[in-house]
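Since the structure comes first, as structure tokens, the remarks are kept for the end.
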Amino acid sequence: MIRYIIRRVLAMIPKLLLITMIVFAGLQLLPGDPIVRTFPPEQLAGLSEAQIEVLRDQAGLSDPLPLQYAKWIGRILQGDLGYSVISGSDISQMLATRLPYTMELAGWALVFSAVLGILFGFTAAVKQNSVADYTLTSLSVLGISVPEFFFGILFILLFSMTLGWLPTGGRTTAGESTDLWSRAKYLVMPVLCLSISFLATLTRYTRGCMLDVMNKDYIKTARSKGLGEGEVNLKHGLRNAMSPVLTWLIFQLPSLVCGVVVIETVFNYPAVGTMLLSAINSADMPTVMITTMMIAVVTLIASNLVDIVAAMMDPRIRLE
């Protein structure tokens with residue numbers, strides 16, 4: 001298993017380098033002086049051309065491109081992601097402030113959809129061809145078919161504009177407490193919208209895995225021994241169906257991270273997604289490219305973690 005993990009980590013290195021090369025090449029094509037996005041505005045303010053040239057040489061901005069790329073990677077590894085050309089803010093600080101909010105939203109959506117998805121899928125399989133099965137299956141198809149942002153618009157119209165139960169967006173209100181209970185009303189609609197597609201797909205997948213397991217010989221043997229239907233379904237059915245379900249669940253983590261960006265935009269949730277949209281609208285391309293690079297890196301790392309967890313759960317994967 002250790003050798004498999006090492007192989008996966010080593011295979012990730014060239015992909016990471018390719019991502020950084022693409023972003024670096026894009027940064028070189030941007031108009032404007034690269035020194036503006038390399039140093040904070042307050043450091044450049046009042047400097048003469050000669051002093052700016054000294055800074056340029058110190059940062060290696062006059063070096064050949066391969067050497068510039070190497071020094072840029074070195075700065076990234078030290079946490080220096082550069083500066084916004086519009087606001088002058090440190091991009092690493094912007095991401096450090098907003099990334100926890102994105103992870104909070106994705107985490108609650110994952111927990112909510114995982115618990116209900118497995119429960120609904122189990123219920124649909126146990127009550128196959130019943131009203132409950134048809135209802136859950138139909139709702140799952142609807143949840144998969146309709147885009148997340150459309151549900152977001154509907155929720156805002158219903159729960160905020162019509163009923164007035166929930167705020168239209170944001171994360172907190174000035175003067176309010178920032179604890180979880182106070183922020184819950186701001187999380188309800190984004191979490192629900194982010195969970196719908198994930199929940200619907202997981203319900204269908206859990207149902208299919210359960211039906212596959214329930215046709216196995218050991219299930220028939222358990223029933224022939226006189227075990228109760230509940231014990232057969234839970235102890236022998238759900239337990240064996242959970243392995244592929246959990247593997248699928250982990251495989252969807254990268255897509256969940258990408259879906260957060262859309263939902264944050266709909267509800268004006270102040271996290272990485274809204275920061276990215278704001279940077280695009282203001283043509284702050286360094287912020288756009290660095291943020292996109294970080295999302296791509298997180299997605300790549302999550303994908304490799306999925307492969308490792310799947311190999312731990314199923315030895316056939318690492319043997320292949």
Inter-residue atom distance [X].[atom1] - [Y].[atom2], 0.5 Å rounding:
X	Y	atom1	atom2	value
L194	L187	CG	CG	11.0 Å
I263	Y269	CD1	OH	12.5 Å
L105	Y101	CG	OH	13.0 Å

Side chain to side chain contact (heavy atoms under 4.5 Å, CB included) assessment of F122 paired with R207: CA-CA 6 Å; F122 173 78; R207 178 183 181 275; over 6 Å; no
Given side chains that start at C-beta, do those of [X] and [Y] come closer than 4.5 Å, heavy atoms only?
X	Y	answer
T20	Y69	yes
F155	V188	no
T287	L276	no
C193	F267	yes

Please check if [X] and [Y] belong to a single hydrophobic cluster, counting links between Ile, Leu, Val, Met, Phe, Trp and Tyr side chain heavy atoms closer than 4.5 Å.
X	Y	result
F198	L142	yes
L81	I22	no
W72	L18	no
L166	L158	yes
V141	L211	no

Closest approach of F120 to L136 (non-hydrogen atoms, all atoms of both residues):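 That closest heavy-atom pairing would be O-CD1, 3.5 Å.
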Nearest non-hydrogen partners of A271 and E264, listed with the distance: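 That would be CB-OE2, 3.1 Å.
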Please answer whether the main-chain N or O of [Y] pairs with a side-chain N or O of [X] as donor and acceptor at a distance below 3.5 Å.
X	Y	answer
T291	V288	no
S195	F112	no
T162	L157	yes
T102	V272	yes

Whether over 12 other heavy atoms sit under 6.0 Å from K127 NZ: no
R98 atom CZ, neighbour heavy-atom count above 12 within 6.0 Å: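 Count over threshold, so yes.
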Side chain to side chain contact (heavy atoms under 4.5 Å, CB included) evaluation trace for L119 with T206: CA-CA 9 Å; L119 175 63; T206 303; over 6 Å; no
Chi angles and distances behind the side chain to side chain contact (heavy atoms under 4.5 Å, CB included) call for S89, Y83: CA-CA 6 Å; S89 302; Y83 294 84; over 6 Å; no
Steps toward side chain to side chain contact (heavy atoms under 4.5 Å, CB included) verdict (M210, V245): CA-CA 9 Å; M210 274 294 298; V245 169; over 6 Å; no
